Protein chains: 2
Amino acid sequence: MVVISPKLDHILEALEQAATLEGLQTASEALCAHYELAHVVYHWVDSAGDQYGCGTYSVAWQERHLDQNYLRTDPVVSGCYQRFHPVDWKRLDWSSKAARALLLEAIEHGVGNQGFTVPIRGPNGQFALFTVNNTCSDSEWQVFTEANRRDLILIAHYFNQKALEFEPGRTPETSQALSPREIDAMTLLAIGYSRAQVANTLSISEHTLRVYIESARFKLGALNTTHAVARALSRGLIVV
Amino acid sequence: MVVISPKLDHILEALEQAATLEGLQTASEALCAHYELAHVVYHWVDSAGDQYGCGTYSVAWQERHLDQNYLRTDPVVSGCYQRFHPVDWKRLDWSSKAARALLLEAIEHGVGNQGFTVPIRGPNGQFALFTVNNTCSDSEWQVFTEANRRDLILIAHYFNQKALEFEPGRTPETSQALSPREIDAMTLLAIGYSRAQVANTLSISEHTLRVYIESARFKLGALNTTHAVARALSRGLIVV
DNA sequence: GTGTACCCCACCATAATTGGGGAGTTGGAA
DNA sequence: TTCCAACTCCCCAATTATGGTGGGGTACAC
């Protein structure tokens, strides 16, 4: 593996000009060649089964990964989920048997023994991973990751920005604004108050409070109070 | 305002070496001087009153901002909450009267008329903003932001990384992981299913479901189901 | 000055949720 | 092996939430 100082501008510009998912695919392959890596992968992690990603992993491995309940098994996914900073695979927790089995299987599918993954988070709990990996020694890998850490963070950011553009359906819902009282009500409910407590806190009757909750539920298209609070939260209308 | 190509390495290294919150404060002042900006602010947004941040805003304005119920009023906060990419203040929604009043008041407190804010998200629903702002013309500001966009993203990233290091108490074991079934239950509740529907969907008895909900409630330290769902959402344990 | 959106209060009855018990299986980790 | 966490099931009674309907008031914009 040769460490090359990347032409970051070119890479990011190519990413910015990508107009489709295929463009991202091409970009990841270009990145892979540029850095002389085994794999470069962007992967939108989503509880609803996998779906969205691109990169140079083999199709067989991607499918296998899905089958494996990887969301809960793969230390890369669960480890990154709890971290903010990019992480070298060596520093993850491989103590569980399932995790080690997954790694062995990955290597059989052509995944390198060294990996470096950047967690990325977007609105509404969106979560994605940007991974580079290769087969090489620990020291070689360390040199590479330290040299390119910042670039990789930026590349990950741009990948995710594009992915969010291409999949707007995930963050849509131009939501109708809530009135101040409705926001009060939703907020207090979200922090665990019962209806009686909320009414008391707002110094209004419980009946009045109910009107607000129903109104908020209507505006949010929610089926019940919990749903309304969940929507208000994930749309950023209230913050807890 | 003069646009200077930043010595990014020096800036980021200084950030990495910061050992305390004061270090970040110093870093933001240095950044401010370096880019010749009116203000540079890192701001951990948290519903529990404000608390954590650093930067060059006047103390008076910070306190005023808090008083103002800024979480709901400030378009910078609410707008960034729904975006992934950095955003120029001009592109936010200033149509509400309260928002415009806030901006006017901000300018009176020495905040510049131009702003650029990078949203940053960490584990467990952590959310923060990194803002640079200045008083200048639209075109000057555009030149500045386009020239420094990538650097600002990286700087924001490093600020947040440090903030997370300094304040581990906010994210650590606070959030105990939920079991798969608990996640299922919380997720379905968050999308509006009633208990009966959830139980039916998961093909378990409603009584069993109740055990999961109670267990999740306990793990999340929640007072009731709505609270539990809200916490699971804002900690990023479930996605809707 | 008519509409619209917000704010406040009341009754009824039914449906749903919660809190307190107890009990058994499995599979993986120590 | 033993332990533990996760998964599954059950009862009862009390509390809470919901779905209707009705009424009043203010403020602002067109």
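Here is the naming used below: chain letters follow the sequence lines, and residue numbers restart at 1 for every chain. Since the structure is predicted, the reported quantities are computational estimates derived from the model, not experimental observations.
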So, [X] side chain and [Y] main chain: donor-acceptor pair closer than 3.5 Å or not?
| X | Y | value |
| --- | --- | --- |
| B:H39 | B:T131 | no |
| A:N134 | A:A38 | yes |
| A:Q197 | A:S194 | yes |

- Message: Walk along nucleotides 13-30 of chain C from 5' to 3' and tag each nucleotide B, S or - by protein heavy-atom contact under 4.0 Å, base first, then sugar-phosphate.
- Response: ----BBBB----------
- Please list all pairs passing the ring-ring contact (aromatic ring centres under 6.0 Å, His included) test where one or both residues lie in residues 93-113 of chain B, with sequence neighbours left out.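 Applying ring-ring contact (aromatic ring centres under 6.0 Å, His included) to every pair that reaches into residues 93-113 of chain B, excluding sequence neighbours, yields B:W61-B:H109.
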- In plain terms, say whether A:R181 and A:D184 are close enough for a salt bridge, that is, a side-chain N and a carboxylate O under 4.0 Å apart.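 Yes, charged N to carboxylate O under 4.0 Å.
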- Message: Checking B:S58 now: which residues fulfil side-chain hydrogen bond (donor to acceptor under 3.5 Å, both in side chains) with it, not counting sequence neighbours?
- Response: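 If we apply the side-chain hydrogen bond (donor to acceptor under 3.5 Å, both in side chains) test to B:S58, skipping adjacent residues, there are no hits.
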- Along DNA chain C (nearest heavy atom to each residue), the more 5'-positioned of A:S215 and A:H207: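 Whichever sits nearer the 5' end wins; that is A:S215.
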- Message: Using OP1 and OP2 only, check whether a side-chain N or O of A:Y212 sits under 4.0 Å from C:dC6.
- Response: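 Checking A:Y212 against C:dC6: no side-chain N or O falls below 4.0 Å of OP1 or OP2.
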- Message: Assess the residue pair B:F130 and B:Y42 against the criterion (ring pair (Phe, Tyr, Trp, His ring centres under 6.0 Å)); give the C-alpha distance rounded to whole Å, side-chain angles, the decisive distance to 0.1 Å, and a yes or no.
- Response: CA-CA 4 Å; B:F130 177 74; B:Y42 169 82; 7.3 Å; no
- Task: May I ask you to check whether A:Q142 and A:D88 show a side-chain donor-acceptor distance below 3.5 Å?
- Result: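 Per modelled atom types, A:Q142 and A:D88 side chains form no pair under 3.5 Å.
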- Query: Can you name the closest pair of heavy atoms from B:A99 and B:D93 and give their distance?
  - Reply: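 Looks like CB-O, 4.5 Å.
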- Message: Could you work out how much the helix from C:dG1-D:dC30 to C:dA30-D:dT1 bends, comparing the axis of its first five pairs with that of its last five, to 10°?
- Response: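 Its terminal axes enclose an angle near 60°.
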- Query: Taking atom P of C:dC8 as reference, at what distance in whole Å does atom CG of A:L209 sit?
  - Reply: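 From A:L209 CG to C:dC8 P: 10 Å.
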- Query: Within the structure shown, what part of the strands sits under 4.0 Å from A:T208 by heavy-atom distance: base, sugar-phosphate, or nothing?
  - Reply: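 Base, at least one base heavy atom under 4.0 Å.
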- For B:R83, check salt bridge (charged side-chain N to carboxylate O under 4.0 Å, His left out) against everything at least two apart and list the hits.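 Expected list: none.
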- Item | Segment of DNA chain D, first to last nucleotide, that comes within the 4.0 Å heavy-atom reach of chain B |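 Under 4.0 Å from chain B, the extent on DNA chain D is D:dA6 to D:dC12.
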